[in-house]
J.: 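Shown below is the structure under consideration.
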Protein chains: 2
Amino acid sequence: MVNTCQWGHNVRSCEESGRIARHGWLANLLPAPGGEELTRGFLQEVVDILLGYISKSSQRSSKVLDFHHPHQLKEGLECFSLDLPDQPETLEQILVDCRDTLKYGVRTGHPRFLNQLSSGLDVVGVAGEWLTSTANTNMFTYEVSPVFVLMEECLLKKMQSILGWSDDVGDGIFCPGGTISNLYSILVARYHFYPEVKTRGMGVLPQLALFTSEQSHYSVKKSAAVLGMGSENVFMVKCDERWVSSKPASVLSHQALVPFYVNATAGTTVYGAFDPLNAIADICQRYTLWMHVDLFPNVYAGLCNCISICLSVNQICKCVFRIYVSVNCQSVSVELFNFKYLFSRACSVTWNPHKMMGVPLQCSAILVKKRGLLQECNDFGAEYLFQTDKNYDVSYDTGDKSIQCGRHVDVFKLWLMWKAKGSEGFGSQVNKCLENAEYLYDQLQRRTDFELVLKNKPEHSNVCFWYIPPSLRGQPPGPDRDARLHQVAPRIKGRMMEKGSVMIGYQPLGDKVNFFRCVFSNPATQQEDIDFLLDEITRLGDI
Amino acid sequence: MVNTCQWGHNVRSCEESGRIARHGWLANLLPAPGGEELTRGFLQEVVDILLGYISKSSQRSSKVLDFHHPHQLKEGLECFSLDLPDQPETLEQILVDCRDTLKYGVRTGHPRFLNQLSSGLDVVGVAGEWLTSTANTNMFTYEVSPVFVLMEECLLKKMQSILGWSDDVGDGIFCPGGTISNLYSILVARYHFYPEVKTRGMGVLPQLALFTSEQSHYSVKKSAAVLGMGSENVFMVKCDERWVSSKPASVLSHQALVPFYVNATAGTTVYGAFDPLNAIADICQRYTLWMHVDLFPNVYAGLCNCISICLSVNQICKCVFRIYVSVNCQSVSVELFNFKYLFSRACSVTWNPHKMMGVPLQCSAILVKKRGLLQECNDFGAEYLFQTDKNYDVSYDTGDKSIQCGRHVDVFKLWLMWKAKGSEGFGSQVNKCLENAEYLYDQLQRRTDFELVLKNKPEHSNVCFWYIPPSLRGQPPGPDRDARLHQVAPRIKGRMMEKGSVMIGYQPLGDKVNFFRCVFSNPATQQEDIDFLLDEITRLGDI
């Protein structure tokens with residue numbers, strides 16, 4: 001059993017509270033009369049478990065995960081049972097359940113967790129979530145969330161100013177994840193061009209067409225399916241076509257479809273590549289299309305943030321270069337311009353602080369330039385919530401902008417982290433991730449047992465590569481080598497999970513067989529972890 | 001400044017950690033080398049603030065809220081500023097920010113917070129959320145959430161078994177709130193009848209019609225608008241028509257609309273009333289319509305739970321009676337039958353544990369009887385997440401069932417609470433709320449300064465009433481009295497918020513002018529709080 005007092009502090013009172021908790025039942029906790037002491041003791045023990053977990057997650061000697069197959073966990077391990085009882089358990093057992101849940105989970109804050117962009121364990125962010133869950137309120141009205149509603153307004157304004165939007169435009173809302181943010185962008189775009197859709201449905205509209213790159217996130221297709229537009233009507237622009245200016249019209253010249261929406265990706269999911277935003281903005285302007293920018297997959301936000309606020313001219317130039325190398329990593333036009341100009345041309349932007357900015361999941365915003373559109377598109381004015389005869393300015397009852405009714409408070413942790421880091425801190429954090437990506441790129445170039453998927457320097461924090469096991473080195477390219485190489489990454493990934501030493505993702509893409517994608521967003525990751533990753537892949541791959 | 005050590009324990013080490021935190025900066029916290037002690041000290045101080053908040057929230061001598069208008073909070077109060085800095089603040093200031101955020105917020109766990117169904121402060125639920133945010137992972141794959149994915153499966157199976165669904169059917173997913181759950185129900189219903197909609201959109205479908213009662217939650221209309229069906233195509237069945245069996249056909253006999261979906265509400269938002277589920281199921285069966293049951297507004301779940309598992313025969317009969325009194329509170333047919341039968345006829349059910357079950361927001365499930373439908377409707381098989389060549393059974397990668405990509409872990413707190421309460425505990429908790437509703441109903445009948453909106457006993461935990469101020473007593477019914485009575489509830493609500501003594505909602509409904517809706521879900525609320533509520537309304541109303 002994990003020692004709940006492993007932080008070494010306060011051993012005596014910990015033991016006392018331990019005794020309290022072990023003899024307690026939920027029914028004796030607050031709000032039960034006299035429940036204060038037991039409540040304190042119980043929650044303190046939970047906190048001791050969590051502090052121990054945070055400490056261990058930061059230690060490289062800890063495993064990233066203690067892998068078990070589903071059937072193993074379901075059968076029950078060392079008194080850990082998932083089954084739900086009719087009778088209550090003791091608080092002591094609840095503490096054991098908490099420890100076991102963490103024990104069999106994945107340490108996403110571990111320096112060697114490189115599997116996803118939502119990673120890391122920001123201590124202030126965690127504190128923000130602890131407070132949020134203790135406050136347990138709802139974003140729908142100012143009445144029940146006065147402070148959080150104002151924090152949302154404050155954050156949205158800050159984000160809009162970073163995007164270069166002027167004070168007299170801009171609206172937005174925090175919502176549960178980047179896919180939902182992208183869905184909002186299509187929803188409001190449709191309403192903007194065809195407001196009758198809200199009451200009359202798609203039946204009275206022409207067949208609409210949407211555009212996005214073939215390397216964009218799948219949420220554009222998924223959203224189109226959900227919204228009743230059909231995934232086939234999302235046209236996947238080939239990345240080497242680079243959004244030729246006449247594209248939307250020519251694609252559709254023989255079809256009865258009406259283009260209305262373009263999603264431009266700033267940081268694709270796998271390569272971390274950037275669409276030519278300015279060229280896309282030109283097209284959207286010419287054809288009166290809605291331009292959405294999806295900062296979702298790799299969250300350009302951090303970059304944008306540091307660019308607009310605190311970086312030196314030198315760094316700005318570097319970032320401009322990053323943007324203007326193309327999707328397939330062949331440089332095309334390196335233009336120096338004001339970054340803000342790009343985003344000021346977007347009609348809407350998805351911005352996910354729960355990725356590169358390291359905010360605990362979930363934290364995502366949809367920013368819409370046209371003020372009032374979210375409200376008009378979504379409001380139904382339920383009188384039990386959004387009374388107009390309240391004693392305060394009801395424009396702060398923002399809940400009818402949202403698809404959701406009840407809405408979790410996702411803003412506080414971001415607000416608190418912004419206080420603790422400042423804009424500069426976010427900038428430095430993102431830069432650190434970019435440096436890690438460059439370091440990995442450099443190491444891969446030097447090693448003969450690895451092969452880069454893209455030869456150029458990474459555009460963002462993603463680095464994609466194959467491990468070439470001894471048996472494949474020197475084998476000529478072709479279907480046979482591809483077939484064997486395709487099996488390498490999954491085999492190594494399986495072994496690293498079973499060993500629990502490191503986690504990194506892999507996938508095929510287009511005509512490229514399975515390759516590793518290393519993505520840096522975890523502030524705990526150092527160069528030594530990158531060295532370890534490559535050595536470990538070699539160790540596991542050569543078995 | 002709030003004394004962070006007000007729980008009285010461990011004053012010495014609290015002071016020590018206080019010194020640590022006050023001199024610390026975020027950059028020195030973990031994962032910074034040697035950051036353990038500072039991290040412990042900082043988080044311990046946050047916890048002390050939260051424990052103090054929990055303690056105060058349970059005290060009746062505390063205010064429910066310390067009300068300020070938006071402009072007052074935005075101007076900044078006693079060093080509390082919402083502004084986001086470029087430079088980092090000290091950890092000491094972060095602690096002050098945490099205290100102030102709680103100070104100016106609303107104590108939704110206070111015994112006299114009766115404003116919303118998502119209320120209360122369940123200590124084990126809060127502990128569950130603290131652990132969830134510390135684990136900071138994502139529900140999309142087993143790979144990163146092995147334990148939480150299995151907990152979701154376990155909870156969904158339990159809920160399905162409570163609904164009376166057999167082992168060979170049933171699917172579901174937790175999603176961000178009841179409105180999204182209801183949206184899912186329409187989404188999968190549409191896909192079930194018209195699978196081509198996913199790729200081809202609404203353009204190839206007939207004009208669809210949906211049915212729901214005029215007292216159902218607005219999420220049905222909102223979802224229809226989002227999904228491209230149009231809110232006008234949601235037919236609002238009058239509540240006194242009681243779903244006459246031929247209704248869907250007759251309503252549409254002269255229109256080119258195809259009915260496909262019926263939402264039945266089990267516990268309406270304002271009255272807490274129940275649709276005749278069995279009669280609706282007959283209609284749906286006859287016309288091959290999708291029957292969804294929305295347990296969302298008042299969460300019948302708790303009731304259902306206690307009925308199916310642990311209540312005495314006497315209690316079951318009482319609950320059956322509750323169900324079969326009609327929407328407008330005139331008893332129609334009181335039938336004795338197996339409750340499970342009702343839900344076994346539903347094609348999908350929305351169940352919100354974050355309401356009557358007292359789970360911290362957000363926690364909502366959509367349960368779909370037809371297995372595989374959620375996956376077929378929503379999957380796009382993104383290869384960077386849902387690789388099919390993983391080392392484990394990838395049927396546990398449930399993320400492609402969902403509209404969302406990244407998905408917050410909402411299941412752990414519910415699982416932990418179920419462990420701590422047992423099914424019986426949830427049953428008792430709901431019963432306590434029903435008893436409170438009956439107590440309030442009894443008190444209102446005895447007092448001449450109040451008038452019940454519905455004369456019959458409450459069907460669920462909602463009680464609706466007017467306060468009649470002295471100036472209106474004895475005045476004959478009519479437009480003049482109505483106009484004046486309409487202003488009474490908002491005026492009193494404004495005063496109670498400014499005083500911070502109690503919180504309760506109000507709204508008009510149909511031809512009824514503004515009335516109070518008291519809804520019980522907060523386990524902290526006792527009869528003395530109900531007495532206080534009525535006395536306080538009288539005090540504030542007579543000013």
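None of the values given here were measured: they were computed from a predicted structure. Below, read A as the first sequence line, B as the second, and so on, with proteins coming before strands; counting in each chain starts at 1.
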J.: Less than 4.5 Å to any heavy atom of chain A: does that hold for the side chain of B:L102, its backbone, both, or neither?
T.: side chain
J.: At a 4.5 Å cut-off on heavy atoms, which part of B:I403 comes close to chain A: side chain, backbone, both, or neither?
T.: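 Both parts, backbone and side chain.
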J.: Which atoms of A:M417 are under 4.5 Å from chain B, going by heavy atoms: the side chain, the backbone, both sets, or neither?
T.: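 Contact with chain B involves no heavy atom of A:M417 at all.
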J.: Can you spot which of A:L43, A:T39, A:T134 makes a side chain to side chain contact (heavy atoms under 4.5 Å, CB included) with B:L51?
T.: A:L43
J.: Looking at chain B, which one of A:D393, A:V46, A:L121, A:L131 has the largest number of heavy-atom pairs inside 4.5 Å, strictly under?
T.: A:L131
J.: Kindly assign one of parallel, tilted or perpendicular to the pair B:Y384 and A:H217, based on the angle between their ring planes and the thresholds 30° and 60°.
T.: perpendicular
J.: Going by the rule side-chain contact (heavy atoms from CB on, under 4.5 Å), which residues pair with A:V197 if we only count those two or more places apart in sequence or in a different chain?
T.: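 side-chain contact (heavy atoms from CB on, under 4.5 Å) check on A:V197 returns A:R190, A:M202, A:L205.
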J.: Can you name the closest pair of heavy atoms from A:C98 and B:L416 and give their distance?
T.: SG-CD2, 3.8 Å
J.: Does any heavy atom of chain A fall under 4.5 Å from the side chain of B:E143, the backbone, both, or neither of them?
T.: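 Both backbone and side chain.
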J.: Report the residues that fulfil side-chain contact (heavy atoms from CB on, under 4.5 Å) with B:Q207, sequence neighbours left out, ordered by chain and then residue number.
T.: B:N233, B:L257
J.: Give the minimum heavy-atom separation between B:D389 and A:H486, together with the two atoms involved.
T.: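 B:D389 and A:H486 have their closest heavy atoms at OD2-NE2, 4.2 Å.
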J.: Sort B:T132 into side chain, backbone, both or neither according to what part of it lies under 4.5 angstrom from a heavy atom of chain A.
T.: neither
J.: Passes side chain to side chain contact (heavy atoms under 4.5 Å, CB included), B:V124 versus A:L29? Steps please.
T.: CA-CA 9 Å; B:V124 171; A:L29 295 171; 3.9 Å; yes
J.: Look at A:C175, A:P70, A:A224 and state which one has the largest set of heavy-atom pairs under 4.5 Å with chain B.
T.: A:P70
J.: Quick one: what part of A:K493 sits under 4.5 Å from any heavy atom of chain B, side chain, backbone, both or neither?
T.: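 When you check distances to chain B, only side chain atoms of A:K493 fall under 4.5 Å.
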J.: Side chain, backbone, both or neither: which part of B:S231 has an atom under 4.5 Å from a heavy atom of chain A?
T.: both
J.: Using the ring of each side chain (for Trp, its six-membered ring), is A:Y142 parallel, tilted or perpendicular to B:F67, with breaks at 30° and 60°?
T.: perpendicular
J.: Determine whether B:L26 and A:V123 satisfy the following criterion, side chain to side chain contact (heavy atoms under 4.5 Å, CB included), listing intermediate values before the conclusion.
T.: CA-CA 8 Å; B:L26 172 123; A:V123 173; over 6 Å; no
J.: Tell me, for B:M497 versus chain A, whether the close heavy atoms (under 4.5 Å) come from the side chain, the backbone, both or neither.
T.: side chain
J.: Side chain, backbone, both or neither: which part of B:Y396 has an atom under 4.5 Å from a heavy atom of chain A?
T.: side chain
J.: Using only heavy-atom distances, determine whether the side chains of B:E424 and A:Q87 contain a donor-acceptor pair under 3.5 Å.
T.: yes
J.: What's the verdict on side chain to side chain contact (heavy atoms under 4.5 Å, CB included) for B:L227 and A:L227, showing C-alpha distance, side-chain angles and the deciding distance?
T.: CA-CA 4 Å; B:L227 297 170; A:L227 298 171; 6.0 Å; no
J.: Using a 3.5 Å distance criterion without hydrogens, assess whether the side chain of A:Q387 forms a donor-acceptor pair with backbone atoms of B:Y506.
T.: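 Side chain of A:Q387 to backbone of B:Y506, a donor-acceptor pair under 3.5 Å: yes, one is there.
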J.: If you look at every heavy atom in A:W415 and B:L82, which pair is closest and at what distance?
T.: NE1-O, 2.9 Å
J.: Given A:Q116 and B:L385, is the side chain to side chain contact (heavy atoms under 4.5 Å, CB included) satisfied, shown in steps?
T.: CA-CA 9 Å; A:Q116 247 86 35; B:L385 272 181; 3.4 Å; yes
J.: Do you know the tightest heavy-atom contact between A:T179 and B:C405?
T.: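 For A:T179 and B:C405, the tightest heavy-atom pair comes out as OG1-CB, 3.2 Å.
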J.: Please name the pair of heavy atoms, one in B:K419 and one in A:D97, separated by the smallest distance, quoted to 0.1 Å.
T.: CD-OD2, 3.6 Å
J.: What distance do A:K221 atom NZ and B:T199 atom OG1 have between them, rounded to the nearest 0.5 Å?
T.: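 Between atom NZ of A:K221 and atom OG1 of B:T199 there are 9.5 Å.
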J.: Given a strict heavy-atom distance threshold of 4.5 Å, which part of B:N514 is in contact with chain A: side chain, backbone, both, or neither?
T.: side chain
